[in-house]
2 protein chains.
Amino acid sequence: MAYTIKDVAKRANVSTATVSRILNDLGGYSDKTKVKVLDVIQELEYFPSGIARGLTNNRTHTIGVLVPNLTSSLIAEFLTGIESVAHEVGSSIIVCHTESQGIKTMKYLQLLHEKRIDGLIIASTVLKKEYYDYIVKMDVPLVLLSAYSEFPVPYVMANDYQAAYSATKHLIQNGHSKLGMISGNKEEWIAGNAIPRVEGFKRAISDFNIPIDDRCIEYGRFSIEDGIKSFKQLLNQNHDLTAIFAENDEIGIGVLSAAFELGISVPKDISVIGMDDINLCKFMTPPLSSVSLSHNEMAKKAAKMIFKMIETNSKMESCILSHQLVERQSVRSH
Amino acid sequence: MAYTIKDVAKRANVSTATVSRILNDLGGYSDKTKVKVLDVIQELEYFPSGIARGLTNNRTHTIGVLVPNLTSSLIAEFLTGIESVAHEVGSSIIVCHTESQGIKTMKYLQLLHEKRIDGLIIASTVLKKEYYDYIVKMDVPLVLLSAYSEFPVPYVMANDYQAAYSATKHLIQNGHSKLGMISGNKEEWIAGNAIPRVEGFKRAISDFNIPIDDRCIEYGRFSIEDGIKSFKQLLNQNHDLTAIFAENDEIGIGVLSAAFELGISVPKDISVIGMDDINLCKFMTPPLSSVSLSHNEMAKKAAKMIFKMIETNSKMESCILSHQLVERQSVRSH
DNA sequence: TTGTAGGCGTTATCAT
DNA sequence: ATGATAACGCCTACAA
């Protein structure tokens with residue numbers, strides 16, 4: 001085993017209390033002993049045990065991050081943002097991959113409970129009652145990242161409704177009137193952000209007096225593969241579409257990919273706009289127009305909130321960040 | 001605060017020792033007391049503290065994972081694989097983003113040391129002496145994932161040399177003789193996997209009696225952006241290239257993107273093959289040929305190794321997994 | 001300025 | 001089958 005505070009104390013001819021004070025910069029010791037103790041620490045390469053500290057301080061300097069997948073760019077950006085502020089404040093993150101339908105969520109919650117994490121961020125996930133109840137029992141600060149909930153939990157979100165409205169309006173103002181939308185699964189809707197995106201789409205359409213046809217909205221899931229599938233489906237039901245609003249960029253990339261496969265040229269034959277503005281968009285063929293939701297910023301915001309809550313033991317206000325249309329080459333006038 | 005084992009003991013009229021035994025299925029108690037204790041546990045919603053357990057058992061059921069970035073698909077696949085086996089064995093992972101040049105590596109190593117992690121996986125990173133020395137002092141099992149090292153550390157790797165050879169041969173057998181390669185940074189070479197990939201490329205070329213020109217290898221970095229830059233650079237120095245071997249798929253995607261931008265058609269004007277076979281390849285325009293290195297499998301293998309090492313306190317053999325050419329539409333006969 | 005001792009929540013050893 | 005109690009490594013009154 002590694003050295004303990006006792007070893008240091010003994011070696012420096014002081015008590016463990018003194019070593020502890022020096023370690024934590026608490027004052028109450030002469031410079032001479034400080035130097036001596038610091039020397040011994042260096043010599044022994046002593047490093048305090050976070051475990052033992054955790055036991056006395058009730059602080060583990062660890063937060064949990066629940067994500068539904070690890071491979072989407074969105075999540076990657078979230079993790080990057082959270083990690084960066086966590087590292088700044090000297091905390092680390094336990095990444096929990098809950099998988100689709102959240103099959104591992106409850107198990108992970110228990111694990112995190114046992115690990116006595118300081119706080120929890122849940123990203124892109126529907127906060128079910130079961131989860132919420134358990135977290136309340138855990139008595140640990142929680143922030144939702146890109147996820148609504150019916151419970152009183154602070155969140156960081158984009159304004160999905162307005163962002164979807166902007167995307168749709170962009171299509172319309174480019175002369176399109178035969179619009180299709182590809183959205184996520186209806187079943188994952190509750191508290192997800194699919195509803196507002198669909199609503200924004202519908203609202204823009206009706207604001208511009210375009211007749212709405214329910215068949216022009218296709219519900220699938222969220223990956224590139226799903227986008228491909230949904231696009232083909234949508235095409236089957238609507239033969240005269242000239243523009244597609246994909247609820248997220250992964251779906252949009254799927255549309256691009258399927259269009260290529262089908263010999264449909266983007267944007268000549270059909271315009272496409274995505275949402276989220278993940279890094280990949282600008283490297284697509286053609287570069288995919290999208291709506292930037294500043295995910296990195298959202299993630300950092302959420303992380304700062306959670307650490308503030310941990311530090312000050314206080315409630316936080318939710319916040320909604322702004323979005324921005326990013327025009328590239330996948331949309332053209334009709 | 002939450003309930004402790006003492007609360008349970010008191011409430012059940014037994015000693016903490018008995019509760020502990022029941023909690024850990026150690027036997028040595030009657031069914032009656034077991035039932036009673038379990039009842040109280042349920043009633044109180046008691047959950048043992050992993051912190052306290054860690055202190056006595058010297059086991060935290062947590063491993064650290066060091067990654068150079070969070071946004072590449074490669075890393076995402078690594079994390080997914082590691083997380084899945086970690087979860088199986090009831091452990092969690094602390095994800096450490098070391099950033100380029102590993103500027104945060106030493107800090108993270110200290111953090112992990114303090115947290116008393118059970119084991120460590122380092123992915124896609126050059127294991128510098130400084131890191132190695134520190135880890136030896138930490139006295140914690142280590143496995144390298146997709147990274148060579150000059151130190152005696154078990155690793156899980158692909159055969160980069162042969163994989164690169166296969167990719168290049170594929171290009172040559174499609175009639176190409178004006179080949180270019182885009183590789184990673186020379187400075188990150190030591191112990192990285194760039195060397196073998198370059199060597200494999202060179203070897204294939206010479207095996208097929210094609211004259212080698214050093215200008216046909218461009219050294220950049222590893223992202224899509226870098227791929228774009230490097231490709232343009234390469235084109236500047238070589239005007240008659242008909243095929244490109246990109247050292248990884250991100251670079252390959254960059255090539256595709258740059259080609260589109262420059263009005264160069266792939267594969268009509270130029271063939272491109274990448275490496276790693278990340279998920280995105282098949283959705284590119286055109287779908288990017290690549291060499292599959294089964295990263296998910298590698299990651300799982302590495303994770304299993306680390307847990308075995310933790311469990312049995314034993315050494316492990318390194319292993320090299322096989323690769324496979326994946327033909328898609330970015331390469332055509334010349 | 002410094003030391004002593006009890007406590008944090010478990011586990012494990014030794015009795016009973 | 002069960003209970004006391006020391007130990008894990010650190011912090012923090014309280015005392016000196």
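All values reported here derive from a predicted model rather than from experimental measurement. In the text below, chain A, chain B and the rest are named by the order of the sequence lines, each starting its count at 1.
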Rounded distance (Å) that lies between atom C1' of C/dT1 and atom CD1 of A/Ile22 | 11 Å
May I ask you to say what B/Asn57 touches in the nucleic acid, namely base, sugar-phosphate or nothing, with a heavy-atom cut-off under 4.0 Å?
-> sugar-phosphate
Between the side chains of B/Lys115 and A/Ser92, does any donor sit under 3.5 Å from an acceptor?
-> yes
Are B/Tyr3 and C/dT10 close enough that a side-chain N or O sits under 4.0 Å from OP1 or OP2?
-> no
Report yes if some heavy atom in the side chain of A/Pro154 is under 4.5 Å from a heavy atom in the side chain of A/Glu317; otherwise report no.
-> no
Hey, can you tell me if B/Tyr134 and B/His113 have their rings parallel, tilted or perpendicular (30° and 60° cut-offs)?
-> perpendicular
Give a yes-or-no answer on whether the side chains of A/Ser314 and A/Lys308 include a donor-acceptor pair shorter than 3.5 Å.
-> no
Taking CD1 from A/Ile5 and C1' from D/dA7, how many angstroms apart are they, rounded to a whole number?
-> 16 Å
Quickly work out the B/Asn24 CG to C/dG9 P distance and round it to whole Å.
-> 17 Å
Sub-3.5 Å pairs of nitrogen or oxygen atoms, protein against nucleotides 1-3 of chain D:
unit_1	atom_1	unit_2	atom_2	d
D/dT2	OP2	B/Ser30	N	2.8
D/dT2	OP2	B/Thr33	OG1	2.9
D/dG3	OP2	B/Ser15	N	2.7
D/dG3	OP2	B/Ser15	OG	3.3
D/dG3	OP2	B/Thr18	OG1	3.0
D/dG3	N7	B/Arg21	NH2	2.8
D/dG3	O6	B/Arg21	NH1	3.2

Can you tell if the side chain of B/Ser124 reaches within under 4.5 Å of the side chain of B/Val67, non-hydrogen atoms only?
-> no
Round to a whole Å and report the spacing from CG of B/Asn58 to C1' of D/dA7.
-> 12 Å
Whole angstrom is fine here: how far is it from CZ in A/Phe47 over to C1' in D/dG9?
-> 15 Å
What's the CG-P distance between B/Asp7 and C/dC8, to the nearest Å?
-> 10 Å
Measure from the ring center of B/His87 to the ring center of A/Tyr108 and say whether it is less than 6.0 Å.
-> yes
Five-pair end axes of the helix from C/dT1-D/dA16 to C/dT16-D/dA1, angle between them (10°) = 40°
Side chains of B/Ser73 and B/Asn279: donor-acceptor distance under 3.5 Å anywhere?
-> no
Check whether any side-chain nitrogen or oxygen of A/Ser20 sits under 4.0 Å from OP1 or OP2 of D/dC11, and answer yes or no.
-> yes
Who pairs with A/Val136 by side chain to side chain contact (heavy atoms under 4.5 Å, CB included), at least two apart in sequence or on another chain?
-> A/Tyr132
Please check if atom NZ in A/Lys104 has more than 12 non-hydrogen atoms from other residues, nucleotides or ligands closer than 6.0 Å.
-> yes
Which whole-number value in Å describes the distance from A/Arg53 CZ to D/dC10 P?
-> 8 Å
Atom CG of A/Leu26 and atom P of D/dC11 are separated, to the nearest Å, by 9 Å
Among D/dC8, D/dT12, D/dC10, the one nearest any side-chain atom of B/Leu55 is D/dC8
